Protein chains: 2
Amino acid sequence: MAKDKTNIYDVAKKAGVGIATVSRVINNSENVKEETREKIIKVMNEMDYRPSKVAQNLAKQQSNAIAVILPSFVDHFFVEVLKGIQDTLEKEEIDLILYKINVDENRISKIMDIVHSRKVDGIAAVTMNISNSNYRELLQSEMPVVLADEKSKNFNSIYFDNIKGAEMAVDYLVNSGHQKIAFINGNLEHYNAQERLKGVEKAIKKHQLIIEDKYIKASDFYTEDGYKSMQELLEMPQSEWPSAVSAASDNQAIGALQAIEERGLKAPDDIALIGYDNIELAKYLKITTIWQPMYKLGQLTIEVLLKEIKGELKERFEKELALSLIKRETA
Amino acid sequence: MAKDKTNIYDVAKKAGVGIATVSRVINNSENVKEETREKIIKVMNEMDYRPSKVAQNLAKQQSNAIAVILPSFVDHFFVEVLKGIQDTLEKEEIDLILYKINVDENRISKIMDIVHSRKVDGIAAVTMNISNSNYRELLQSEMPVVLADEKSKNFNSIYFDNIKGAEMAVDYLVNSGHQKIAFINGNLEHYNAQERLKGVEKAIKKHQLIIEDKYIKASDFYTEDGYKSMQELLEMPQSEWPSAVSAASDNQAIGALQAIEERGLKAPDDIALIGYDNIELAKYLKITTIWQPMYKLGQLTIEVLLKEIKGELKERFEKELALSLIKRETA
DNA sequence: CTGTTAGCGCGTTCAA
DNA sequence: TTGAACGCGCTAACAG
């Protein structure tokens, strides 16, 4: 195979200098005579030469790229986080390699694959629940890591208080006069779902109410899950219907809303409904919800990761992002 | 800096073989005695060795990664395309590097940066309007490229018929009895917007109607643009209001819907509204729209790109994906 | 200021 | 079946 890409030797030869000097101008080193620099730049342009990132990576032992690991591309929550990530990354000259790891896969193992590939300088893992697994290997690898949407004592982490969020939702419903409240939760394998259940129970207890098991649903965080759960609720005799429903995600709330409207009912008149996340859809569907600042989560995650990569982070970073209730029309 | 990563030499030494043999088992070469292979695998596991992708890339002159270039992370259109891309890529062991190129940037130049970086084996460029620019350099680079949402005679391309789509929308409105139709277009710098305008004009002419300039708006494809355009329309005397509006994107349609409802009006009773794209939001907001199969676009794009990379594509690939009208409640 | 040389970690002939 | 040696393209001492 004839070599077709011009390399640093070609440039050096044509410019009549050594490759080190060419390398110096590539890397904007100070110690190059202005005259020489200009000449080399001229030659590089003539030959349309650009250094091979791959070779640079190998030599420098760094890649100018980070990995972003997501559990899903479907969920608007993650899309919003991704926006924050991308916008922040755009300012730097750093590539974004996107990985999706499904819930049923061995997360740590997959992440270690990424670590060992040397393709990235750091990893942002979103909602990966690493902390409960055998993360030692990852820790020891000394790869810069930031966990987003997950609290951790061992890694940098930026997270929300799920207990508080769920509690806020129920508080709001109770303060609006509701007593019979149902909770449509996500999959309890998710730590976030467990926490939110705790928050609901805490609030219920605080208000000296009780919540029967039949009012607690748990499937997954998606729209269809919310739809089904709401249907089940509405299949009960009307006298047993909850007067308000709290969903663990806006996606579920949207599904629930569908189920409500299909019955000819309305939120909040017949059944009040509150979501969780504040995805864009919630705004247009006017769903009252708990706002998790996802964009900011992505933004901050990258800022911290970049600092860690540059060695500017002196100690483990840990931060809780504040939640807030967005009052709209469904509750 | 002490070397901390175990490399192929470490493995070879510990296993008492040459690095070539280790390399052979890494790459599943046939010509290795079973006994030797097992021993090497054992050692690799013990040392938790994994080959450096970067070094492999440099040696093999390929990267097992592709670039996906998008104009935006915000737009649901692109998110949907991205889903199709990711799902298709997931089956292969190929990394996805995401690039965003803004409209005001020199696209070809940016793309050539990616080409020369050697970080990817192929490029999927979505809605990049490469064909009108000076693409020769890209063509000559022989980098596998697929253009998505853009028709091209020089690159593999998968696209929609924008003229037909806009025409379908207007046809539908006219057939529903509307005569005074407004068109909220995207930025005319986009080829797609130009085409859609043509489609509208074609349909109007076909039905022997006329469309006054004041009924043709052009800003950008986003929600706020649709909102503003609709506001302008509604600022005219009520007698001059269009009875139906066709928007060039669902985002615009959503904004337009907002403007309509804020005035206490309803679609379709007061003003009929049809969108374009069929993003998820449109479904929940019950917006009648023209469906561009975005997911399929992403899927097919990657399939073609992978074939091209593998050298299985004998000739330039070109395909138009069919549009369809999704009737819902706003028109 | 500049050139030589030795890596970076792996793939791949070419002999053996 | 195997191993030695060279090449991939570039960076980083080191010497000059």
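Keep in mind it's a predicted model, so treat the numbers as computed, not measured. Heavy-atom basis, side chains included; hydrogens, waters and symmetry copies ignored.
Partners of A:D87 by side chain to side chain donor-acceptor pair (under 3.5 Å), not counting sequence neighbours, listed by chain and number: A:Y295. Among residues two or more places apart in sequence or in another chain, the side chain to side chain donor-acceptor pair (under 3.5 Å) test is passed with B:K83 by B:E80.
Among residue pairs with one or both ends in residues 295-315 of chain A, those qualifying as salt bridge (Lys or Arg N to Asp or Glu O under 4.0 Å) are A:E92-A:K310; sequence neighbours excluded.
Remark: B:E105 CD is packed, more than 12 non-hydrogen atoms of other residues, nucleotides or ligands lying under 6.0 Å away.
The CG-C1' distance, from A:N64 to D:dC10, rounds to 14 Å in whole Å. Here D:dG3 presents its P atom at 14 Å from CD1 of B:I26, a figure rounded to the nearest Å. In this structure, CG of A:N7 is placed 11 Å from C1' of D:dG7, rounded to the nearest angstrom. Look at CD on B:E35: it is 14 Å from C1' on D:dT2, rounded to the nearest Å. The nearest whole Å value for the distance from the CG atom in B:N31 to the P atom in C:dA16 is 19 Å. In this entry the distance linking NZ of A:K5 with C1' of D:dC10 reads 17 Å, nearest Å. What separates CZ of B:R24 from P of D:dT2 is a distance of 8 Å, to the nearest Å. Rounded to whole angstrom, the span from the CG atom of B:N28 across to the C1' atom of C:dG11 amounts to 14 Å.
To the nearest 0.5 Å, the span separating CD1 on B:I111 from CD on B:E137 amounts to 11.0 Å. Atom CD1 of residue B:I85 and atom CD1 of residue B:I302 lie 4.5 Å apart, to the nearest 0.5 angstrom.
Of the side-chain N and O atoms in B:N27, one or more sit less than 4.0 angstrom from OP1 or OP2 of C:dG11. Within the structure, every side-chain polar atom (N or O) of A:Q61 is placed at least 4.0 Å from both OP1 and OP2 of C:dG7.
In summary, A:E150 and A:R107 do not engage in a salt bridge, as defined by a charged side-chain N under 4.0 Å from a carboxylate O.
B:R24 places no side-chain N or O within donor-acceptor distance of the main-chain N or O of B:V22, the cut-off being under 3.5 Å.
Non-hydrogen atoms lying under 4.0 Å from DNA chain C are contributed by A:L58, A:A59, all within residues 46-60 of chain A. A heavy atom closer than 4.0 Å to some atom of DNA chain C occurs in A:G16, A:V17, A:G18, A:I19, A:A20, A:T21, these being the qualifying members of residues 13-21 of chain A.
Results of the side chain to side chain contact (heavy atoms under 4.5 Å, CB included) test with A:M294 over A:V126, A:D149, A:V81, A:L321 single out A:V81 as the only residue that passes.
Each end of the helix from C:dC1-D:dG16 to C:dA16-D:dT1 gets its own rotation axis from five pairs of C1' atoms, and the angle between them is 40° to the nearest 10 degrees.
Neither side chain, A:Y222 nor A:D75, offers a donor N or O lying under 3.5 Å from an acceptor on the other.
Here the nucleotide nearest the side chain of A:S23, chosen from C:dG9, D:dT11, D:dT2, is D:dT11.
Within the 4.5 Å cutoff, side-chain heavy atoms of A:I66 are placed close to those of A:I309.
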